[in-house]
Every structure is written in structure tokens, then in C-alpha cells.
Number of protein chains: 2
Amino acid sequence: MSQRNTAVPEQLKTLEDADLLLESGECPVPPREILDRIAGKWAILIVVATARQPRRFTELERLIEGISRRMLTLTLRNLERDGLLERTVYPTVPPKVEYRATEMALELYEAMLTITNWSRKHSSCVAASRRRYDERRAAEAEHI
Amino acid sequence: MSQRNTAVPEQLKTLEDADLLLESGECPVPPREILDRIAGKWAILIVVATARQPRRFTELERLIEGISRRMLTLTLRNLERDGLLERTVYPTVPPKVEYRATEMALELYEAMLTITNWSRKHSSCVAASRRRYDERRAAEAEHI
DNA sequence: CAGTATCCATGTGGATACTG
DNA sequence: CAGTATCCACATGGATACTG
């Protein structure tokens, strides 16, 4: 993966091809949308929290530190709508609702781990690059 | 990948572990930040555009449809700072500047393709789930 | 308990005039 | 040409009062 220079497929010559890859006309749901979904601050955390066992609303609110009630609701709805979360209502008093990640969601999470792996692999390199960049800019700012 | 139920690692029992995975204390640059970077609307398009050949500022502005001058500059700076883009200045008049994706960036793009692949694989399933969800909600709204 | 509705602060991003 | 600076519109998201 790292020795070859073929990360971008050979047939990918123009940016229009990239659009096909990323915005994709044939897909009912474009990759861009999926990306936006998982890029949200909370979605993945919810998927992880509900991966191994069903979780209740308040339980998630406690588990996921810093999430607001509003954002929890919104994210849960979106995930449910996309079929990434299964919502089960027990018609008791008081009500009990459980959320659980679907198999599809777990696969998405697994795919997401490739990004995480990249991060881990190159993290210090990126950090070093940032230091160099910032120092260079600071130096320039000085002698002006 | 799809027959096993181990998308979430066995040792991942609590959400704190997930935090370690996603927000990661040991990483100088947390995965979350990388995710935000590539989730931006433009970064990946720029990486793709500069993958096979160096591109000039105005060239990118034309290639990447819909990007504003401001966002192009901002995204280029961020990518350069992170070491994902190499910026070369030719001190001519008028100035000429070229951007080119680094090897690291191409690897990240490749990793990102796993997400795209997930999308393609499950796209119609997600779309179907959305239809069902929307219809259900519409039905509920009616008999109220 | 599991939400919904509302208000408000902040950030993100577009358009564009200006400059070395 | 390759940007920077400025202004502004809008979406995102937090806090929280209220409800079935």
C-alpha cells in the first residue's frame, strides 16, 4: 500500500472521474452524504456505544460526554432513518426505548477504522509538518 | 467482513475505549481531526486533482466546480500545513505556484475509498430504509 | 423516561474588492 | 497570477423549558 504509487486508480485521469467516485450519480445515496454522516461529532460514538448491546436514551446521554439532548435526538433519528440503528419501543409506563447498531453500521464503523489507522500511522508526521509550517510562518511574520 | 460480528474489536467494551480509538490520547494529531479534515467538502477533491500532476491555483479553481476563492485558499493552507500537499513557488512575474499531493495524502485517499466502497455496497439499502422511515412518519402525521 | 420546541451563540462558507 | 481582507447569510449546535 505504501510502496506503490497507485493510491489513485490508473483510470482516474480527470476530476470528473473523481466526482463519479465521490459524488457518484448511480448511487441512490451518494458517498458524500455517508461521509458527512460519520464525520459528525456524535454518530460514530453512538454506533460504538450501541454496537454490543442495546442502549436507552438516557444511558446514551450519560455515556456520550458532552452531547446535548437535542443533538442526541437528531443523530439518533438520522441513524435510524439510514438503517444504521434499530429503535425498539417498549410501551410501558414510563416508556422504555432501546437503540442498537445494525450489522451494516458495524461494517461502516470497521471501514472507518481504516481512516483511524492512517491517522495513527502518520499522526506524528502530520504533527511535525504542522510545527514546521507554523515556525516558518512565525519567522516570516517577524522580519516584516 | 460481513459474516463475522466482530466489526467492533472484542476488547472494545466501554465507550472510553472508543474514545481511545477515536480521540486517542497518544496520537499527536487525533483521528477526529483527520476525519474532520477529509470530511470537508473540498479537501479530497483537491487531493484527487493534485494526485497525478501538480496544479496551479487558478487551475484548481476551474477544476473544482463551485469552490470559492476563500475556501480554496483555506483548504490548500490546511492541507499544506498537515503535509498532505506540497507547495512550490516559482518566483516569476506573474507568480506561479504549484500544488501536488504527497504520498501520505494518496494513502489517506486510498483509506477513504473504503468508506466509498461501503457506500456503494449499501447505498440502495440505506435509500430503502429512508423511504420506509419517511413513509412511516408521513402515515403517523396523517391520522393525528 | 424519552423526547419536542424554542431561543440564541458561534462557526462556516459564499461573494467580491483589493494587492504584491 | 495568486492570493488576502472584509462583509454577510446561513447552518450547526448548545442550553433548557416543557410534555405525553
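Quick note on labels: first sequence line is chain A, next is B, and so on, each numbered from 1. Small disclaimer: the values here were computed from a predicted structure and weren't measured.
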Checklist outcome for this item: Taking every heavy atom of Tyr99(B) against every heavy atom of Leu60(B), the minimum-distance pair comes out as CD1-CD1, 4.2 Å

Item to check | Rounded distance (Å) that lies between atom P of dA2(C) and atom CG of Leu85(A) | outcome: 14 Å

Checklist outcome for this item: Note: Asp82(B) and Arg37(B) closest approach over all heavy atoms is OD2-NE, 2.9 Å

Item to check | Among dC1(D), dT4(D), dC1(C), the nucleotide that comes nearest once only the side chain of Arg56(A) is considered | outcome: dC1(C)

Next on the checklist: What is the distance, to the nearest angstrom, from the CD atom on Glu80(A) to the P atom on dA2(C)?
Outcome noted: 14 Å

Checklist entry - Is any side-chain heavy atom of Ile44(A) closer than 4.5 Å to a side-chain heavy atom of Tyr109(A)? => result yes

Checklist entry - So which heavy atom on Arg100(B) is nearest to which on Pro54(B), and how close? => result NH1-CD, 3.4 Å

Checklist entry - Checking all strands, does Thr58(A) fall into the base, sugar-phosphate, or nothing category for heavy-atom contacts under 4.0 angstrom? => result sugar-phosphate

Item to check | Nearest-angstrom distance from the residue atom CZ of Arg137(B) to C1' of dG3(C) | outcome: 11 Å

Checklist entry - Looking at Phe57(B) and Leu72(B), what are the two nearest heavy atoms and their distance? => result O-CD2, 3.6 Å

Next on the checklist: For nucleotides 14-20 of chain D, give me one character per nucleotide, 5' to 3': B if any protein heavy atom sits under 4.0 Å from the base, S if the only such contacts are to the sugar-phosphate, - if neither.
Outcome noted: BBB---B

Checklist entry - Does a salt bridge link Lys41(B) with Asp36(A), judged by any charged N lying under 4.0 Å from a carboxylate O? => result no

Next on the checklist: If I compare all heavy atoms of Ala51(B) with all of Ala101(B), which pair ends up nearest, and what's the gap?
Outcome noted: CA-CB, 4.0 Å

Checklist entry - Roughly how many Å is it from CG in Asp36(A) to P in dT12(D), rounded to a whole number? => result 10 Å

Next on the checklist: What is the separation between atom CG on Leu72(A) and atom C1' on dT12(D), rounded to the nearest whole Å?
Outcome noted: 16 Å

Checklist outcome for this item: Closest heavy-atom pair, Ala43(A) versus Leu79(A), reported as atoms and distance to 0.1 Å, is O-CD1, 4.0 Å

Next on the checklist: Nearest whole Å is fine: how far is dC1(C) P from Glu98(A) CD?
Outcome noted: 14 Å

Item to check | Atom pair distance, as rounded to whole Å: CZ in Arg87(B) and P in dA2(D) | outcome: 10 Å

Checklist entry - Taking atom C1' of dG13(D) as reference, at what distance in whole Å does atom CZ of Arg77(A) sit? => result 17 Å

Checklist entry - How does DNA chain D look in dot-bracket notation if pairs are Watson-Crick or G-U with both distances under 3.5 Å, crossing ones as [ ], other-strand ones as |? => result ||||||||||||||||||||

Item to check | Interatomic distance, Thr116(A) atom OG1 to Arg120(A) atom CZ [nearest 0.5 angstrom] | outcome: 6.5 Å

Checklist entry - Reckon Tyr99(B) has a side-chain N or O less than 4.0 Å from the OP1 or OP2 of dG3(D)? => result yes

